[in-house]
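Read through the structure below, which is laid out as structure tokens, and then see the notes.
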Amino acid sequence: MKRKNIYLTLFSAATLALAGCSDFLDTKLDTFTTPDRVETDYSTLWSFANSFYTPLQYGFTILDNNLFAAASDEAQQTKAVANVSYFNKGTINANSNPLVSIYTTYYEGIRAAHFFLDYAQDGESFLALNRDTVGAANIENRITYERDVRSLRWYRAEARVAMAYYYSELIKMYGGVPIVPATMDKDPDKGSIPRSSYEEVVDHIVELIDSQLDHLQVDWATHEDNVAARAGRFDKATALAINARALLYAASPRNNPGGDPEKWERAARAAHDLIVFRNYTMPQNRNYNAYFTGTGALNNSESIYLIRKTASNTLETENYPISTPGGNSGITPTENLVSAYEYIGPEDPSDPYANRDPRLEASVVVNGSTWNDRVIDQAPGGSDDMNKANTSRTGYYLKKFMTDNLNLTQGGTAQHLWVVYRYAEVLLNYAEAMNEIYGPDEIPSGYTLSARQALTQVRNSASTSLPEVTTTDRDAFRKALKRERQVELAFEDHRYWDLLRWKDAETVLNQPVQGVKVSRDANGAFVYQVADVAPRTFLPRNYYMPFSHAEIVNSKGTLTQNEGY
């Protein structure tokens, strides 16, 4: 199949109109029929159709106006006072949670989807108003009407996919959550919704996705209906990706403590469905840096779903080294992450960053790197002396996603694309699930790849020089998979949630994050010493977030708090 490219330009007007309605789902808008208002009504219909996309989160500004990476062992926030400390110290509670607004925002998206489906029940007739869709003399009207009807029917499917996506994100954070019905009783005393179990929400997600697969657009990039105007809408590949990730999480130890193999089987099948649908093989030795820089992910076969906003310099302003004019150091990668990048050649004692997995150079600015037209020197007396205020505490700076040499003092901007789903993740999801039920090498009937083949495809796309993963032991292969996810998906908002679903967080996130101290020896050569940078605390209760105190109170007893809060 020829690949398609999806990106999203965020919409706003419709959600503003909807978010202020407390009885959101009970609102019924009139179907206007007067000729002088038809054009406005067409616009209103499409505004409501787009409104359920608005709550999608732009991962570059999710926490402290930056990436979420510093909540895990991937990075350390340079700012002395930052909201990420609630995660680093395990102090999130029902009254203090930096991500609390996302809960409300995602439910607004779910309600907006329900609202649109209700509003557009008779959409075909509505779109026919004041259009001669039969007469031969009005062929243009008929063509436009047919195009609008196709779009309307896709939007109906997309609304249900949007609900599935929001629910998948909510249970990732909270476990079981309330499932909003299509309609709600107008009696305010009956307005609260009981909490469903995690398994019930997963089944609801799968049902939403499976019911719409035959109604979604297959490939926006190859469709004749004004493709540019439709870019950013969910399609079949996105729906399959939502399913695959949700079912992988459902099969993982946090949510599958008994190790039910059927849950792993469902996860493997879901990922395999997308692999077969896309019929794509990742190229070897691809340019990892180019994919994540600027518009590199557009028109790229690896992309499944991306979010795009207008060009900006927020990411660079937050994360350029403090010694670069306009930079604030931001979230700095840790030695915990850097040490996960393998060697592809002999180790050089004088340069620990030589002959490493090329994804390291594409993701992290190390000492001695040329970045922003200068060499990074973090030794005492150097341009980036780590003893200076607000320099990196880890000896590293972020590089992935960022544009080099952007002039911040003159307001330079660049395009940034947030990757929601891409093919490499799907292969890793598949490899993990397959290993759990079949081991590294078995290819049972109905499948086309082994776990090892899927993993190897991702590793070869990074570099064919990476050492081969040869273990046949399931546990050792699982360890290799975890390392591969840590490296391949670095800074893409996977690491924290992976540690939680694997039940590894109590081990990994109760150890200090590390960095390197940079100095010079008597001959002027750089010397690197690994050192602890900051402590981390993770409590058993932190495997799920707490519902806010306000949500508990407003539920009138129907919403039960997560354990430990």
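Atoms considered below: every heavy atom in the structure, side chains included; atoms not considered: hydrogens, waters and symmetry mates.
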Does [X] pair with [Y] as a salt bridge, N-O distance under 4.0 Å?
{"X": "Arg422", "Y": "Glu492", "value": "yes"}
{"X": "Glu124", "Y": "Arg156", "value": "yes"}
{"X": "Arg269", "Y": "Glu262", "value": "yes"}
{"X": "Arg478", "Y": "Glu432", "value": "no"}
{"X": "Arg495", "Y": "Asp73", "value": "yes"}
{"X": "Glu108", "Y": "Arg111", "value": "no"}
{"X": "Glu488", "Y": "Arg286", "value": "yes"}
{"X": "Asp203", "Y": "Arg266", "value": "yes"}
{"X": "Asp504", "Y": "Lys482", "value": "yes"}

Any donor-acceptor pair under 3.5 Å linking the side-chain atoms of [Y] with those of [X]?
{"X": "His204", "Y": "Ser196", "answer": "no"}
{"X": "Tyr291", "Y": "Ser303", "answer": "yes"}
{"X": "Tyr396", "Y": "Tyr353", "answer": "yes"}
{"X": "Ser151", "Y": "Asp148", "answer": "no"}
{"X": "Tyr544", "Y": "Asn562", "answer": "no"}

Is there a donor-acceptor pair closer than 3.5 Å between any side-chain N or O of [X] and the backbone N or O of [Y]?
{"X": "Asp441", "Y": "Ala451", "value": "no"}
{"X": "Arg483", "Y": "Ala340", "value": "yes"}
{"X": "Asn336", "Y": "Val513", "value": "no"}
{"X": "Asn256", "Y": "Asp260", "value": "yes"}

Worksheet item: Is the shortest heavy-atom distance from the side chain of Leu56 to the side chain of Tyr305 under 4.5 Å?
Response: yes
Worksheet entry | Arg356 to Tyr341 six-membered ring, cation-pi geometry met (6.0 Å, 45°) | no
Worksheet item: Regarding Lys400 and the six-membered ring of Phe491, is the cationic atom NZ or CZ under 6.0 Å from the ring centre and inside 45° of its axis?
Response: no
Discussion item. Assess the residue pair Leu45 and Tyr155 against the criterion (side-chain contact (heavy atoms from CB on, under 4.5 Å)); give the C-alpha distance rounded to whole Å, side-chain angles, the decisive distance to 0.1 Å, and a yes or no.
Written reply: CA-CA 10 Å; Leu45 179 65; Tyr155 267 126; over 6 Å; no
Worksheet item: According to the interplanar angle, ranging from 0 to 90°, do the rings of Tyr430 and Tyr447 count as parallel (below 30°), tilted (30 to 60°) or perpendicular (above 60°)?
Response: tilted
Practice prompt. Return the orientation label for the Tyr58 and Phe60 ring planes: parallel under 30°, perpendicular over 60°, tilted otherwise.
Written response: perpendicular
Worksheet item: Could you walk me through whether Trp497 and Asp493 pass the side-chain hydrogen bond (donor to acceptor under 3.5 Å, both in side chains) check?
Response: CA-CA 8 Å; Trp497 309 109; Asp493 198 8; 2.9 Å; yes
Worksheet item: Knowing that exactly one of Glu506, Arg254, Arg501 qualifies, which makes a side chain to side chain donor-acceptor pair (under 3.5 Å) with Tyr543?
Response: Glu506
